[in-house]
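Notes follow the structure.
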Amino acid sequence: MRPGQHRQADGAAKPAARLKVGFVLARSFTLSAFALFVDTLRLASDEQDRSGRVLADWQVIGSTRHLITASCGVQVAPTSDFVDPSKFNYIVVVGGLLTVENPVDQETIAFLKQADAKKVPLIGVCTGSFILAAAGLMKRHDSCVSWLHYKEFRERFPDLSVRSDRLFNLDRQRGSCAGGSSSADMAALLVRKYISRDAERNALEVLQIERARAAADVQPRRPLYDNYDDARVKAAMITMEQFVDGSMSIEKLASTVGLSRRQLERIFIDKTGMSPAKAYNRVRMERAKSILAQSKAPLIEIALDVGFENASQFTRTFKRTFGQTPSQHRAASRAHPVLNYIVRA
């Protein structure tokens with residue numbers, strides 16, 4: 001039966017939904033990640049934007065029916081209490097701000113563990129993988145997180161595998177997703193798997209998304225990366241960002257992409273017009289720039305995070321790179337909150 005062929009004669013039963021997803025929303029969850037995921041399901045479930053739950057169904061489940069506030073201030077009400085998790089094909093945990101001390105309650109953790117015991121696949125969207133990892137549910141699984149959260153994941157869960165060089169991961173029992181628009185990509189994969197390619201295409205067309213990106217697609221990054229199409233250069237820069245404290249030597253960096261130092265330097269000069277060392281410094285400065293715009297962390301703390309011994313050395317390098325001091329950049333970011341939002345997105 002094709003999507004849309006659900007209107008039947010009076011009294012005839014409608015077909016059962018084929019894809020059932022339960023959403024667990026964390027406190028201060030990311031609204032865009034949730035909305036893109038659920039709307040991909042909605043648009044794939046029916047034709048002509050009727051929003052019928054014909055080929056998919058979804059519920060926002062929680063330990064209470066209290067409103068859950070997103071990081072942007074919008075509130076969402078759960079539509080279901082915790083039920084038998086085996087009623088769902090997937091349980092999707094949508095995370096948000098990492099500064100929230102207890103993003104979900106103990107009843108939610110117990111529910112997720114029950115789902116795991118019943119072999120129901122769990123997916124962490126945005127920082128939802130942090131919640132699953134804290135519950136001990138990401139062992140023996142890769143966690144895919146945004147490049148922005150890679151360092152913090154490593155610090156919180158040093159024994160777990162994490163990567164930020166792709167959009168999402170999905171195996172038989174676990175999924176994780178960097179968030180943002182990649183939520184739609186992951187949802188599209190589920191639609192293709194459980195419903196059809198036609199349903200996937202219909203959803204993405206209505207969402208004005210040209211195509212679904214694959215799990216292995218590289219995460220969109222800052223403009224520094226946009227003009228480089230050499231896979232070795234991109235891989236090296238991703239590694240630089242993962243060791244943004246400057247602790248990765250150029251020799252070791254070269255070995256991670258299967259090159260000697262001399263070969264890496266030759267490729268960087270050819271493809272980027274700068275040496276690996278200069279590119280590494282730029283990556284560190286870009287990270288510092290992002291932190292300055294998003295947090296109130298003192299300069300010395302940011303300096304140490306990106307591998308400088310003191311704030312004065314960091315300030316000189318930052319000004320040489322961007323033409324303004326860190327304090328001036330922070331002041332400008334606060335004066336233009338819309339630009340600040342774009343940086344975070």
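Keep in mind that what you see is a predicted model, and the values were worked out from it rather than measured.
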Could you give the side-chain donor-acceptor pairs of residues 114-122 under 3.5 Å, partners two or more places apart or in another chain?
residue : atom : partner : partner atom : Å
D116    : OD1  : R174    : NH2          : 2.8
K118    : NZ   : D84     : OD1          : 2.9

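- When atom types are taken as modelled, the side chain of T30 and the backbone of A33 share no donor-acceptor pair closer than 3.5 angstrom.
- I61 and F34 fall into different hydrophobic clusters, where Ile, Leu, Val, Met, Phe, Trp and Tyr residues are linked whenever their side-chain heavy atoms come under 4.5 Å apart, directly or through other members.
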For salt bridge (Lys or Arg N to Asp or Glu O under 4.0 Å), just list the numbers for E286 and R282, CA-CA rounded to whole Å, side-chain angles, deciding distance to a tenth of an Å, and then say yes or no. CA-CA 6 Å; E286 289 286 354; R282 183 61 186 245; 3.1 Å; yes
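- The ring-ring contact (aromatic ring centres under 6.0 Å, His included) contacts involving residues 166-214 comprise Y90-Y194, where partners must be two or more places apart or lie in separate chains.
- M240 and M274 fall within the same hydrophobic cluster, where Ile, Leu, Val, Met, Phe, Trp and Tyr residues are linked whenever their side-chain heavy atoms come under 4.5 Å apart, directly or through other members.
- Within the 4.5 Å cutoff, no side-chain heavy atoms of V244 are placed close to those of D305.
- Put simply, the side chain of I68 reaches to within 4.5 Å of the side chain of P78, judged on heavy atoms.
- Judged as a side chain to side chain contact (heavy atoms under 4.5 Å, CB included), and not counting sequence neighbours, the contacts of V21 are L19, F23, L41, V92.
- Within the structure, the ring-ring contact (aromatic ring centres under 6.0 Å, His included) test picks out the following pairs touching residues 59-85 (sequence neighbours left out): F82-F111.
- Cluster membership for L137 and F153, using ILVMFWY side-chain heavy atoms within less than 4.5 angstrom, is shared.
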Could you give the side-chain donor-acceptor pairs of residues 316-323 under 3.5 Å, partners two or more places apart or in another chain?
residue : atom : partner : partner atom : Å
T317    : OG1  : Q313    : O            : 3.1
T321    : OG1  : T317    : O            : 2.8

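- Judged purely by atom type and a 3.5 angstrom limit, S63 has no side-chain atom pairing as donor or acceptor with the backbone of E107.
- Between the S45 side chain and the L55 main chain, a donor and an acceptor come within less than 3.5 Å of each other.
- By the 4.5 Å side-chain criterion applied to Ile, Leu, Val, Met, Phe, Trp and Tyr, L67 is assigned to no cluster and stands alone.
- Between the side chains of D198 and S196, no donor N or O sits under 3.5 Å from an acceptor N or O.
- Looking at residues two or more places apart in sequence or on another chain, you find a side chain to side chain contact (heavy atoms under 4.5 Å, CB included) between T69 and Q75.
- F314 is listed as a side-chain neighbour of M285, based on a closest heavy-atom distance under 4.5 Å.
- A side-chain N or O of Q59 and one of T79 form a donor-acceptor pair less than 3.5 Å apart.
- Judged as a side chain to side chain contact (heavy atoms under 4.5 Å, CB included), and not counting sequence neighbours, the contacts of S327 are L299, T325.
- Hydrophobic cluster of I300: the remaining members, joined at side-chain heavy-atom separations below 4.5 Å, are L304, listed by chain and number.
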Go through it in stages, so that I can follow the logic: the residues are S260 and Q263, the test is side chain to side chain contact (heavy atoms under 4.5 Å, CB included), and I'd like the CA-CA distance, side-chain angles, deciding distance and then a yes or no. CA-CA 5 Å; S260 68; Q263 288 172 324; 3.2 Å; yes
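- Linking ILVMFWY side-chain heavy atoms closer than 4.5 Å, directly or via other members, places W58 and V94 in a single hydrophobic cluster.
- R27 places a side-chain N or O within donor-acceptor distance of the main-chain N or O of N102, the cut-off being under 3.5 Å.
- Sorted pairs that involve residues 236-273 and meet ring-ring contact (aromatic ring centres under 6.0 Å, His included), not counting sequence neighbours, are lacking altogether.
- Qualifying side chain to side chain contact (heavy atoms under 4.5 Å, CB included) partners for S182, counting only residues two or more places apart in sequence or in other chains: L167, C177, A178, D185, R213.
- In the hydrophobic clustering of this structure, V93 does not group with F29; members are Ile, Leu, Val, Met, Phe, Trp, Tyr whose side-chain heavy atoms approach within less than 4.5 Å, directly or through other members.
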Below 3.5 Å, can you tabulate the donor-acceptor pairs from side chains in residues 138-146 to any protein atom, sequence neighbours excluded?
residue : atom : partner : partner atom : Å
H141    : ND1  : D171    : OD2          : 3.0
D142    : OD1  : S161    : OG           : 2.4
S146    : OG   : L148    : N            : 3.1

